[in-house]
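Here's the structure we're looking at; comments come further down.
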Amino acid sequence: MSDVLFYVFGAVAVLTSALVIGQGNPMYSVLLLVASFGAISGLYVLLDAPFLAVIQIIVYAGAIMVLFLYVVMLLNAPQEDAGEWDRLHPLREPGAARLGAVLATLLVVQLAWALSKTSGIRRAIGDDDSGPLVSSVAEIGRVMFTDYTFAFEATSLLILVAMVGAILLARREGER
Amino acid sequence: MDLVLTAQLAIIVVVFVSLIHAAAGMVWVERKVCAYMQQRLGPTRTGWAGLLQPFADVLKLLFKEELRPKAADPFLFTLAPMISAVTAFVAFSTIPFGPPITFFGLLPHPIGLEVADVSVGLLVVFAVASMGVYGIVISGWASNSKYSLLGALRSSAQMISYELAYGTALATVIVMAGSMSVREIVDAQQGTWWGFLPRWYVFPQLVGFLVYMTAGIAETNRAPFDFPEAEQELVAGYHTEYSSTRFALFFLAEYINMVTVSAVATSLFLGGWHGPFLPVEYGVIWFLLKVGFLLFVYVWIRWTLPRYRYDQLMRFGWKFLLPVAVINLLLTAAAVLYFDV
């Protein structure tokens, strides 16, 4: 049962993520990304991490993607403009395109190598009992505020810096 | 078939049917209460005291012609009301509405009266509620109409703003109960303080309760926070272009969301199915009474208070409700640490 669900959620996640790039309409891209997040959250449930699964939905699908939608609707861009600007973009030049192709090939090779190194798909579904189980909320909280306090606090500071920077950039000239 | 499985399926059916009827009943209550508040009679012709009015409304809506604007996005236009209705139903799934029972001894062991007892149940409610905004946003965009779009933009801004206070109010209860399972939170409110005061969290957490209810009204887009569908400015807001069954789904979703917010408030602050005077097996009655009372408060508020201005709504949410919720959470956490550990 959990094997089948793993493949279903995995397939949905990969498929929707791939489709995100292929959409002409940014609205559909955003919604496909939401579907992808939902499938990933399903994978978390299979990994016996319900807390992570729900947080994934609340934070990514529920909050961040709504802001994405908000921006898409405000810009009111029903069709992506593949016009003049796009064709003249520096990344469209042959040199850049070739470099991109090389990078993409490298990524595929790297992924294939990494997959070949993992001992089968069973490890990924979490059927073996090796490694500490951090599925309970209390355990996650304890680990986060003891073993990983520095990383946790540093991340919060980083986000604060980004927020202050965004406000500073968005502020109009002369406003104090 | 397996008896336990049958019982669980029965619970799902009961919850589903009850929610639909609760929505229909709420339509009737809303019309009656507002009529009496305005010295009218409300619906009287359909059935006794107009009790069949909601069913007549539903039949009318179902048999109306489906209209879709030519410029609308056909797929998303149909998807949006479905998302709204589905998330409204799913949000109720982790809320227990009674003590564990054995169905008159039919089952080998008692099962809880809820669709699913999840260890992070409260967060599931929150997550599903936060997905509900998609129905409104997508409908506003897919209708390709300025009123719908403005309604959807307002709604998404409003729901994101009030979700923070809503979530923080939930967190205070999580801190007090030390659990995220709705069932365990309800069980933590069993018994009394000093022998007479029910151990409901509303008494120590009055601030949290008020913050939760305020944010809950804003989350369900009800007056005085009904900006997404402010009639005077936006015709009908995000569902301006909708008719027939699709409109009925939005309507259904709004009322079921009210029931869910009231049921969550009952479970978190009013002790769920626990209450004095009744034996615990009849807890469902207490649960229904409390939810009914909160639903009445919803209607009461709607027909008493005028709508805020939009800037007032945002200022209230960010500069008053959220700070109050956060300070309340900090004080609660400090009190729990001081008294319990």
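To find a chain, count down the sequence lines: A is the first, B the second, and so on, and within it residues start at 1.
- Contacts of A/Val30 with chain B are absent, with no heavy-atom separation under 4.5 Å from either backbone or side chain.
- By the 6.0 Å contact criterion, OH on A/Tyr60 is open, its count of non-hydrogen atoms from other residues, nucleotides or ligands being 12 or less.
- Between the CG atom in A/Leu47 and the CG atom in A/Leu52 there is a gap of 9.0 Å [rounded to 0.5 Å].
- By number of non-hydrogen pairs under 4.5 angstrom with chain A, the leading residue of B/Leu76, B/Val137, B/Val124 is B/Leu76.
- Using non-hydrogen atoms only and a strict 4.5 Å limit, no part of residues 148-164 of chain A faces chain B.
- Using a 4.5 Å cut-off on side-chain heavy atoms (C-beta onward), B/Arg246 and B/Thr78 make contact.
- Considering only heavy atoms from C-beta on, B/Tyr201 comes within 4.5 Å of B/Ile185 through its side chain.
- The neighbour count for A/Phe68 CZ, taken as heavy atoms of other residues, nucleotides or ligands under 6.0 Å away, does not exceed 12.
- In this structure, chain A has a heavy atom under 4.5 Å from the side chain of B/Val133, while its backbone stays farther away.
- A distance of 7.5 Å separates OG1 of B/Thr220 from CD of B/Glu254, quoted to the nearest 0.5 Å.
- Screening B/Leu268, B/Asn328, B/Leu331 against B/Thr172 for a side-chain contact (heavy atoms from CB on, under 4.5 Å) leaves a single residue, B/Asn328.
- No part of B/Met159 comes within reach of chain A, as not one of its non-hydrogen atoms sits under 4.5 angstrom from that chain.
- Taking 4.5 Å as the limit, every side-chain heavy atom of B/Ser139 sits out of range of all side-chain heavy atoms of B/Phe77.
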